[in-house]
Each structure stands twice: as structure tokens, then as C-alpha cells.
Protein chains: 2
Amino acid sequence: MSGRRTSINDVAKAAGVAIKTVSRVLNNEPNVREETRAQVLAAVKRLNYHPSLSARSLASRRSYLVGLVYDNPSANYTIEVQRGALARCREAKFLLLLHEVAGRSEEVIQDILTFANQTHLDGLIVAPPLSESAELIRALDAQALPFVRIAPNEIKHRSPYVDIDDEAAAREMTEYLIGLGHRSIGFIIGRPGHFASGERLRGYKAALKNHKIPYVPEYVRQGDFLFDSGLEMTRQLLALPKRPTAIFAGNDDMAAGALMAAHEMGVAVPQQLSVAGFDDAAIARTVWPPLTTICQPTYQLAYRAADLLLEMLLSSSTPKPARLAHTLVRRDSTAVAPNGRVK
Amino acid sequence: MSGRRTSINDVAKAAGVAIKTVSRVLNNEPNVREETRAQVLAAVKRLNYHPSLSARSLASRRSYLVGLVYDNPSANYTIEVQRGALARCREAKFLLLLHEVAGRSEEVIQDILTFANQTHLDGLIVAPPLSESAELIRALDAQALPFVRIAPNEIKHRSPYVDIDDEAAAREMTEYLIGLGHRSIGFIIGRPGHFASGERLRGYKAALKNHKIPYVPEYVRQGDFLFDSGLEMTRQLLALPKRPTAIFAGNDDMAAGALMAAHEMGVAVPQQLSVAGFDDAAIARTVWPPLTTICQPTYQLAYRAADLLLEMLLSSSTPKPARLAHTLVRRDSTAVAPNGRVK
DNA sequence: CTGAAAGCGCTTACAG
DNA sequence: CTGAAAGCGCTTACAG
């Protein structure tokens with residue numbers, strides 16, 4: 001670290017061209033002779049030159065900074081989101097800044113706006129459940145800050161988003177259980193207000209209907225996406241006179257709670273009770289038995305979200321939303337229903 | 001986003017001073033009259049001015065960028081490290097860039113150096129287990145890049161670091177089990193090569209010695225910090241003719257594996273077997289029964305690491321290493337030894 | 001296909 | 001205690 005860092009001037013001198021030409025090569029602009037381009041690249045390599053982000057940023061009135069805001073629902077989920085967004089940003093030579101928020105909605109919004117203003121963010125990626133906040137969307141709109149939402153709810157807004165088909169996924173899982181011979185299937189709903197909670201419930205209902213299985217209200221319980229609610233609701237479901245032979249929880253944390261309730265009450269999983277989750281979070285593989293669940297392509301969702309944002313920033317267009325595929329992962333927590341006939 | 005962003009010139013004009021004075025106020029430099037300072041701050045507020053990082057960075061030859069590199073050992077741990085480092089960086093108006101690495105040591109080092117060069121990082125925070133890599137330390141040294149290590153091993157290097165006393169913590173946990181009347185205590189060692197693995201083993205041995213309990217080699221098994229190794233080693237320990245009444249695993253993931261082995265073999269925890277972990281990771285609270293474990297102040301370690309790095313950068317001194325306190329967290333996985341007399 | 005000039009918004013180094 | 005000038009390393013806008 002002695003003396004000056006090497007700059008575009010050094011490269012220009014070494015390659016025998018003007019700095020504008022170096023700039024063209026570095027930014028993959030057209031109208032450079034192939035030979036000239038090669039000379040410049042050779043000089044870049046020889047001098048181990050790395051362009052200065054601050055200079056570029058200052059001159060182009062663009063920060064090359066993208067923010068990722070999240071209200072950490074679970075560490076594993078968040079890490080995957082970070083990975084996906086980071087990967088795409090790195091490719092485009094943008095920097096990703098993380099910003100975790102928590103607390104009341106009003107403060108959270110102010111917090112995010114302050115973050116965006118202080119860092120002069122070019123754009124923002126909004127992870128769920130923040131992506132479901134109508135107030136936040138409105139506030140970002142008012143700032144004219146480009147943003148992309150991951151798995152948002154039904155809020156109508158022209159900004160792009162990426163998601164999966166929660167209803168279809170829940171329908172598939174329910175039909176998978178039906179296929180195993182289950183006819184009494186409990187369902188634990190996710191936190192009220194989350195769009196995904198409602199969609200998953202809708203998928204459960206649709207599957208029952210498709211198979212002409214009556215909907216039993218007492219089999220459907222309200223949880224909140226947390227372990228404890230899965231535990232408590234399963235205790236209630238298993239205490240029912242005619243208890244369900246399968247329980248489908250709105251996410252893996254609640255499914256893990258369901259497993260614990262079964263252990264407590266001496267109900268064998270999967271022999272006497274099948275349990276299914278949603279998300280394929282890390283907990284799905286650390287509980288016993290490992291959970292049958294729906295795998296969301298979290299990394300891909302975040303990668304794609306970053307991709308859409310960069311497209312907005314670089315071409316100032318408004319890209320179309322993207323819907324990605326989920327998969328049903330079969331593990332050991334589900335099995336043929338006791339006395340059940342497999343279809 | 002119409003027209004120009006407000007700059008230091010606008011503030012200077014509005015406050016009736018030179019831009020240098022605005023700069024002084026913003027950077028808390030001395031030699032500004034209190035009245036002038038107030039005028040400037042009022043103008044800053046009125047115009048909702050936020051200084052440009054790129055301009056500041058370009059002029060001061062400092063990127064205000066700090067890197068955090070990690071080889072994600074567990075999502076929960078990583079998230080806590082991020083939180084701590086982010087909090088300190090935000091206070092100092094530095095930006096934190098994440099960089100996750102994986103794979104062979106040589107590639108990892110090259111990857112980190114490329115990251116540092118491309119972003120013109122001012123400094124680097126190195127999380128474990130990367131902080132234990134002698135090759136990495138050497139490479140960073142060669143680049144003259146300031147860095148701070150979190151929980152490094154015994155590598156001698158003048159760069160600062162933060163850690164806890166792993167040996168003392170393991171000693172305390174072992175003595176806690178002894179205090180519950182246990183005399184046959186199994187131990188599952190963490191991944192070989194990790195400094196913490198050896199320190200924790202040392203603490204276990206020291207406690208036995210302090211209490212004149214003979215060291216039984218077959219009670220000590222080699223794991224690798226992963227769930228499966230805890231499962232397998234506990235199966236072996238519980239198959240012993242005289243099986244231990246307590247098992248202390250070198251981390252929580254292995255302790256969770258130990259719990260599953262006990263469930264499998266019909267050994268009641270904690271009535272017939274006490275199980276203790278280390279780290280207080282999220283899994284410690286999702287397994288059943290919840291784990292007694294050692295809580296590392298992960299957030300604080302990272303916060304402090306960032307603090308030391310910033311001190312290095314801003315005062316160009318070399319701060320002293322910091323050692324932080326751990327705590328023993330009692331939960332339901334440990335109890336009085338069967339037929340044990342509590343001391 | 002290539003380049004010279006101006007300027008982005010700050011800090012540094014200096015003067016008073 | 002305050003300020004005018006120079007310059008950080010790029011891109012933009014323009015000229016040829």
C-alpha cells in the first residue's frame with residue numbers, strides 16, 4: 001500500500017490510449033477496435049487495475065448500491081435470500097447492503113427510508129413479510145425508489161416481484177396426503193395477515209373439494225408460523241374424539257411443533273400420524289422424523305429479484321413479474337394412513 | 001427524483017458559509033463557532049441533506065467499506081455475526097459488505113483477495129472457522145489489508161481479535177454436570193483442527209481432574225460438529241457396558257444428535273441421561289428437551305470485532321485483543337444423575 | 001473508432 | 001475560527 005493506487009490514467013498511459021477508451025473497454029461499450037481493446041485489457045491485467053467505485057459512482061450519479069431489507073423470519077431463510085441476491089449483484093458489479101428491521105410498522109418504514117437516503121441506494125429488494133406491507137410499498141413509491149418484492153401478497157403495484165404458487169403447492173401436498181389414504185387431515189394456518197397463510201389454506205380446501213372430502217372446521221386451526229403454535233394446535237387436534245391421521249402445517253416450524261406434540265402424547269409419527277410442513281427450512285431435516293415439506297426455491301427467488309431490479313436500473317424499464325417452481329420433498333414424517341387404503 | 005441531488009454547495013449557500021465549514025460540521029471537526037455549527041445543522045436538516053459517500057470516499061482515498069468474510073458454519077451463527085458487525089459499522093457510517101466463501105483453502109484465499117481488491121475494502125472482519133486459517137492470515141498480511149479475527153485459534157499474529165475462553169466454559173459445564181452427581185460423563189469432540197474443539201476438550205479434562213474423577217478414554221469420542229456425528233457417537237456411548245449418565249457435546253448440533261440417539265434407544269432425557277451442548281444456537285431451543293448449553297455472545301463478539309477494526313482504521317493504531325464473557329444456560333436436558341447424590 | 005474537456009461532490013493542504 | 005483552490009478517478013456530452 002505504498003503511494004498512489006493505480007488509476008485509469010495509468011492504464012491509459014500503459015496502453016497508449018485516452019482514458020475514455022479505457023472506460024469504453026471496461027464498460028463493454030461498442031466502437032472500440034478489437035486490437036485496441038486487447039491492448040487495454042492487457043494493461044489492466046498487467047497493472048492489476050481495479051476501477052474505483054466511488055469515482056465511477058460520483059461521475060455517473062449512480063451509487064451502484066442495492067439494498068436488501070428483511071424482517072428476519074428465520075435465519076436459514078434469510079441466509080438463502082442473501083446468497084441469491086448477493087450472487088446476482090456481484091455479477092453486475094453492484095454492492096448489496098443488508099438492512100434488517102424489526103418492530104412497529106411505522107418505525108420500520110422510517111428506518112428503511114433513512115437507510116435508503118443515507119446510502120443513496122439505487123434500488124431495493126424487499127423480502128417477505130416486509131414485501132406484504134402496503135404502507136411500505138406506498139412509502140417507497142413516494143420516494144420514487146425502484147424496488148422489487150419477493151413473495152409479496154396481493155397488493156396491486158406496478159413494481160415487479162417474484163413468487164411461487166402457494167395455493168398450488170398446498171394443494172399438491174394435501175393431495176399427496178389424500179393419496180396416502182388420509183381422509184381426516186388437520187391443517188394449521190400460518191400467521192393471519194400473511195398472504196401465504198391464506199393461499200395455503202385455499203390450496204388445502206381445494207384439494208379436499210377435488211376429492212370430495214368434507215371440510216371439517218375443527219380440523220383447521222389458527223397458528224402463527226411459530227413452533228409453539230404448532231405444538232399447541234396439535235395438542236388440541238390430537239385430543240379430538242376423532243383425531244386426524246395427518247396434519248399439514250402451514251410452515252416447517254409449526255410442523256416441528258406438531259411433531260413434538262405427537263411425541264409428548266405418545267402418538268407415533270408416521271405410523272399413527274403423518275405430519276407435513278412447508279418451506280423446507282433447515283429445521284425440516286433436524287427434527288425427527290425428518291419432514292415431508294414443500295421446497296421453495298428461496299435462493300432462486302432472491303437471485304431473480306435482484307435480476308429484475310438490475311434490469312429496472314440499467315434499462316429503466318419495468319420488467320414482468322416472475323413465478324418460480326416449487327417441489328414436494330418426501331421424507332419420513334408421512335406414510336400410508338393407519339387402516340388407510342392407498343389409492 | 002427531479003433535477004440535481006442536494007449537495008454540500010447547497011448547504012453552504014443556505015447557511016451562508018463555505019463548503020469547508022459544512023464539511024467541518026459534518027465530520028465533527030473542532031474549530032467551528034457554536035453559532036455557525038447550529039446554522040449549518042439547521043440547513044442540513046432543512047434541505048434533508050445526506051452527504052455523498054462516493055465523493056467523500058474519492059476525496060479521502062478511503063472506501064468506507066468493510067468486509068465480513070465467513071464460511072457459514074450455521075445460519076443462526078452467521079446472522080448474529082452479521083448483526084453485530086452491521087450495528088457497529090452503521091454507527092461509524094461505514095458500509096459492511098458480506099462475502100461468503102466455501103471450498104478449498106487456496107481458492108477461498110484467492111476469492112477473498114479478489115473481493116478485497118475489487119471493492120477497495122478498507123478492512124476485513126474474519127469470522128470462524130476462516131479466522132483459524134494460517135494461510136489466509138499470511139495472505140492478508142502480504143496485502144497489508146487491516147483485519148480483525150473473531151474467535152481465532154492460537155495463530156500468533158499482531159492483528160487484533162476477539163474471543164471467549166472456550167476452555168473455562170467447557171470446564172464450567174463439566175463441573176455443573178459433576179455438581180448434579182454425574183461421574184460418568186461422555187464427551188464428543190468437535191471437528192479436528194478447530195482450535196475450539198481442543199480447548200473444550202481441555203476444559204472437560206480439567207474439570208474431571210479438579211474433582212478427582214478418572215478420565216475414561218472410551219467416554220471421549222471424536223465428532224465433527226455436525227448433527228450426524230453426535231447421533232453416531234452417542235449410539236456408541238449408550239451401547240457401552242457401563243454407559244455414561246451424561247453426555248457433553250462440543251456444540252449444540254452434536255448435542256441434538258445425541259438427543260435423537262437417546263430417543264431412538266429409549267433412553268429418557270434427562271431422567272436417565274443428561275445432555276449438554278455448546279453455543280446456544282437456535283437448535284438448542286427447538287429440540288426436545290431444550291438443551292442446557294454455553295451461550296457465546298456472538299453478537300457482541302462481532303460488534304467488538306468491528307469496533308477494533310474501525311479503531312485500527314481511524315486511529316491507525318493496533319488495538320488490544322478483547323475477551324468476552326460466556327454464560328451457562330440451564331434448560332431441561334440436564335438433571336440430577338440417576339442414583340446420583342447432589343453435592 | 002477515438003479523444004480532450006468539464007464536472008460529479010466531497011476532503012486535503014494550505015493560507016489567513 | 002473560516003475559506004479558496006486543487007484534486008481524488010471516473011463518466012457525460014461533445015467533437016471529430
Side-chain angles (χ1 to χ4, degrees), chain A residues 1 3-40 43-44 47-65 93 95 117-120 122 313-314 316, chain B residues 1 3-40 43-44 47-65 93 95 117-120 122 313-314 316:
Chain A
M1 297 298 190
R4 263 175 56 265
R5 76 151 50 146
T6 89
S7 80
I8 196 172
N9 290 297
D10 304 316
V11 176
K13 217 164 287 170
V17 297
I19 62 169
K20 176 67 237 197
T21 299
V22 177
S23 174
R24 285 203 179 85
V25 172
L26 260 24
N27 295 298
N28 287 312
E29 286 175 29
N31 297 331
V32 181
R33 238 193 325 155
E34 209 36 69
E35 196 188 323
T36 313
R37 181 181 301 275
Q39 280 169 24
V40 169
V44 164
L47 300 177
N48 188 29
Y49 168 68
H50 296 279
S52 155
L53 185 76
S54 25
R56 170 180 274 183
S57 162
L58 186 57
S60 65
R61 290 102 182 278
R62 180 175 270 169
S63 68
Y64 292 97
L65 258 31
K93 312 234 170 182
L95 302 183
N117 281 325
Q118 287 191 21
T119 55
H120 298 285
D122 285 338
L313 298 179
L314 298 174
S316 35
Chain B
M1 293 304 186
R4 263 176 55 266
R5 75 149 52 143
T6 89
S7 79
I8 195 171
N9 290 295
D10 304 316
V11 177
K13 217 164 287 173
V17 298
I19 61 168
K20 175 70 236 198
T21 299
V22 177
S23 174
R24 284 202 179 87
V25 171
L26 259 25
N27 295 298
N28 287 312
E29 287 175 29
N31 296 331
V32 181
R33 237 190 330 153
E34 209 35 68
E35 197 187 322
T36 312
R37 180 180 304 275
Q39 279 168 24
V40 169
V44 163
L47 300 177
N48 188 29
Y49 168 68
H50 296 280
S52 154
L53 186 77
S54 26
R56 171 182 272 181
S57 162
L58 187 58
S60 65
R61 292 101 184 281
R62 183 175 267 168
S63 69
Y64 292 97
L65 257 31
K93 312 232 171 183
L95 302 183
N117 280 324
Q118 288 191 16
T119 54
H120 298 286
D122 285 338
L313 298 179
L314 299 174
S316 35

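In what follows, chains carry the letters A, B, and so on, assigned in the order in which the sequence lines appear, proteins first and then strands, with residues in each chain numbered from 1. This one's a predicted model, so the numbers in the text were calculated from it and none came from an experiment.
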- prompt: Between E34(A) and N9(B), which has a closest nucleotide on DNA chain C that is more 5'?
  reply: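 The residue mapped nearer the 5' terminus is E34(A).
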
- prompt: Taking only residues two or more places apart in sequence or in another chain, which ones pass side-chain contact (heavy atoms from CB on, under 4.5 Å) with S23(B)?
  reply: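 Testing S23(B) for side-chain contact (heavy atoms from CB on, under 4.5 Å), a comparison that skips the adjacent residues, returns I8(B), K20(B), N27(B).
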
message: Taking side-chain contact (heavy atoms from CB on, under 4.5 Å) as the definition, give me every residue that meets it alongside A59(B), ordered by chain and number, with sequence neighbours left out.
response: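 For A59(B) there are no side-chain contact (heavy atoms from CB on, under 4.5 Å) partners, ignoring immediate neighbours.
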
With heavy atoms under 4.0 Å as the rule, sort [X] into base, sugar-phosphate or nothing.
{"X": "P51(A)", "value": "sugar-phosphate"}
{"X": "Y64(A)", "value": "nothing"}
{"X": "S57(B)", "value": "nothing"}

message: For DNA chain D, report each stem as range with range, ordered by first number, or say none. Use Watson-Crick or G-U wobble pairs under 3.5 Å, at least 3 in a row.
response: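 Consecutive-pair runs (3 or more) involving DNA chain D: C:1-3 with D:14-16, C:5-12 with D:5-12, C:14-16 with D:1-3.
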
- prompt: R33(A): what forms a salt bridge (Lys or Arg N to Asp or Glu O under 4.0 Å) with it, not counting sequence neighbours?
  reply: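 With sequence neighbours excluded, R33(A) shows a salt bridge (Lys or Arg N to Asp or Glu O under 4.0 Å) to E35(A), given in chain and number order.
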
Flag, side chain of [X] to backbone of [Y], donor-acceptor distance under 3.5 Å:
{"X": "H120(A)", "Y": "P51(B)", "result": "yes"}
{"X": "D122(B)", "Y": "R62(B)", "result": "no"}
{"X": "T21(A)", "Y": "V17(A)", "result": "no"}
{"X": "T6(B)", "Y": "Y49(B)", "result": "no"}

message: Between R37(B) and A59(A), which residue's closest nucleotide on DNA chain D lies nearer the 5′ terminus?
response: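 Its nucleotide being nearer the 5' end, the pick is R37(B).
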
Over all heavy atoms of both residues, which pair between [X] and [Y] is shortest? Give the atoms and the distance, please.
{"X": "L58(A)", "Y": "S52(B)", "result": "CD1-OG, 4.4 Å"}
{"X": "R24(A)", "Y": "V32(A)", "result": "CB-CG2, 3.7 Å"}
{"X": "S63(B)", "Y": "S57(B)", "result": "CA-OG, 3.6 Å"}

field: Residues from residues 11-24 of chain B lying under 4.0 Å of DNA chain D - heavy atoms
entry: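 Close to the strand are V17(B), A18(B), K20(B), T21(B), R24(B).
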
- prompt: What are the bounds, 5' to 3', of the part of DNA chain C that sits under 4.0 Å from heavy atoms of chain A?
  reply: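 Boundary nucleotides touching chain A, in 5' to 3' order, are dC1(C) to dG9(C).
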
